[in-house]
Amino acid sequence: MQTVRLELPATPPFSFEKTLLFIRTAYARPYERVPAREQVVGDTLRRVVSVSGRPLLFEVEAAGDAAVTVTLYAERLDDALIAAAADRVRFYLGLDDDLEPLYKRADPVFKSVLERLHGYHMVKVLTPFEAACWAMVQQRTPNAFAHKTMARFAAAFGGTLTVGGRTYTAFPEAGAMLENPQARVLAATNNTRKTERMLSLIE
């Protein structure tokens with residue numbers, strides 16, 4: 001296992017504490033009963049992502065008022081993988097988002113929200129393919145079942161990485177879902193119409 005530690009600046013104002021609060025409430029809990037993809041422990045965020053078919057775990061912690069420290073774990077790290085991982089972390093945590101235009105244009109009613117969430121940068125879906133899958137899976141589907149379907153996709157197709165005795169499962173890239181996709185996607189969705197749409201998306 002190889003590791004690399006990076007420091008990534010954020011566009012101020014930035015509050016990693018509010019980032020963790022959002023992830024704890026909106027993201028972490030639906031995956032507690034399946035192989036872990038995302039986990040908040042204390043003040044540390046752990047998340048696994050698949051890059052060019054290789055699972056990579058990143059740990060994120062606050063580093064002052066406008067930066068985060070990121071530790072990367074993978075079986076093999078090279079410059080291209082490190083750059084791609086840093087790009088994903090920056091996008092996922094919205095580190096480059098400039099909040100000042102929003103703050104300047106806020107009306108008096110919305111300013112109370114901004115005060116409560118001051119420095120929160122919007123957390124995004126980690127990859128475009130995962131976002132597209134979410135959009136498809138959630139159509140006319142209860143939220144809890146959509147979470148379980150996404151978890152089944154990860155378990156069926158995603159790569160795994162074990163760090164510190166815990167196994168993390170990455171949401172798959174599209175290419176990883178091309179092997180015997182119809183039966184496996186149908187098993188994950190339990191819906192023939194969504195299976196057809198998902199196969200078109202994968203292709």
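On a predicted model such as this, the values are computed, not experimentally measured, just so you know.
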Note to self: I want to check something: taking the side chain as every heavy atom from C-beta on, are Thr169 and Val48 in contact at a cut-off of under 4.5 Å?
What the structure shows: no

Next item on the list: For the residue pair Tyr92 and Phe58, establish whether any side-chain heavy-atom pair is separated by less than 4.5 Å.
Entry: yes

Checklist line | Thr25 side chain vs Leu21 backbone, donor-acceptor pair below 3.5 Å | finding: yes

Check: Does Arg90 have any salt bridge (Lys or Arg N to Asp or Glu O under 4.0 Å) partners at least two apart in sequence or in another chain, and if so, which?
Finding: Asp96

Margin query: So does Leu93 get a backbone contact from the side chain of Lys124, meaning a donor-acceptor N/O pair under 3.5 Å?
Written below: no

Item checked: Partner residues of Asp87 under the salt bridge (Lys or Arg N to Asp or Glu O under 4.0 Å) criterion, sequence neighbours left out -> none

Item checked: Partner set under side-chain hydrogen bond (donor to acceptor under 3.5 Å, both in side chains) for Glu61, not counting sequence neighbours -> Thr44

Checklist line | Check: Thr162 side chain, Gly165 main-chain N or O, donor-acceptor pair, under 3.5 Å | finding: no

Item checked: Shortest non-hydrogen contact from His121 toward Gly94 -> ND1-O, 2.6 Å

Notebook entry, point to check: Aromatic rings Phe22 and Tyr120: how do their planes relate, parallel, tilted or perpendicular, breaks at 30° and 60°?
Noted result: tilted

Extract all donor-acceptor atom pairs below 3.5 Å that involve side chains of residues 49-57 and protein atoms in other chains or at least two apart in sequence.
residue : atom : partner : partner atom : Å
Ser50   : OG   : Glu173  : OE2          : 2.7
Arg54   : NH1  : Arg76   : O            : 3.2
Arg54   : NH2  : Asp78   : OD2          : 3.2

Notebook entry, point to check: Does Thr19 reach the main-chain N or O of Glu17 with its side chain, forming a donor-acceptor pair under 3.5 Å?
Noted result: no

Next item on the list: Kindly write out the residues that satisfy side-chain hydrogen bond (donor to acceptor under 3.5 Å, both in side chains) with Thr127, not counting sequence neighbours, or none if the list is empty.
Entry: none

Next item on the list: Name the orientation class of the two ring planes belonging to Trp134 and His147 (parallel below 30°, tilted from 30 to 60°, perpendicular beyond 60°).
Entry: perpendicular

Note to self: Can you tell me if Asp43 has over 12 outside heavy atoms packed within less than 6.0 Å of its CG?
What the structure shows: no

Notebook entry, point to check: Is the closest side-chain heavy-atom distance between His118 and Ser15 below 4.5 Å?
Noted result: no

Notebook entry, point to check: Is the backbone N or O of Glu59 less than 3.5 Å from a side-chain atom of Arg47, with the two atoms forming a donor-acceptor pair by type?
Noted result: no

Notebook entry, point to check: Is a donor on one side and an acceptor on the other found under 3.5 Å between the side chain of Lys104 and the backbone of Leu99?
Noted result: no

Notebook entry, point to check: Within a strict 4.5 Å, meaning less than it, do heavy atoms of the Ile202 and Val185 side chains meet?
Noted result: yes

Checklist line | Sub-4.5 Å side-chain heavy-atom contact between Leu102 and Leu114 | finding: yes

Under 3.5 Å, which donor-acceptor pairs do the side chains of residues 3-12 form with other protein atoms, sequence neighbours left out?
residue : atom : partner : partner atom : Å
Arg5    : NH1  : Thr71   : OG1          : 3.1
Thr11   : OG1  : Leu95   : O            : 3.4

Check: Is atom CE of Met122 surrounded by more than 12 heavy atoms (other residues, nucleotides or ligands) closer than 6.0 Å?
Finding: no

Notebook entry, point to check: Taking everything shown except Gln2 itself, do over 12 heavy atoms lie less than 6.0 Å from its CD?
Noted result: yes

Next item on the list: Go through the side-chain N and O atoms of Thr195 and Thr189 and say whether any donor and acceptor fall under 3.5 Å apart.
Entry: yes

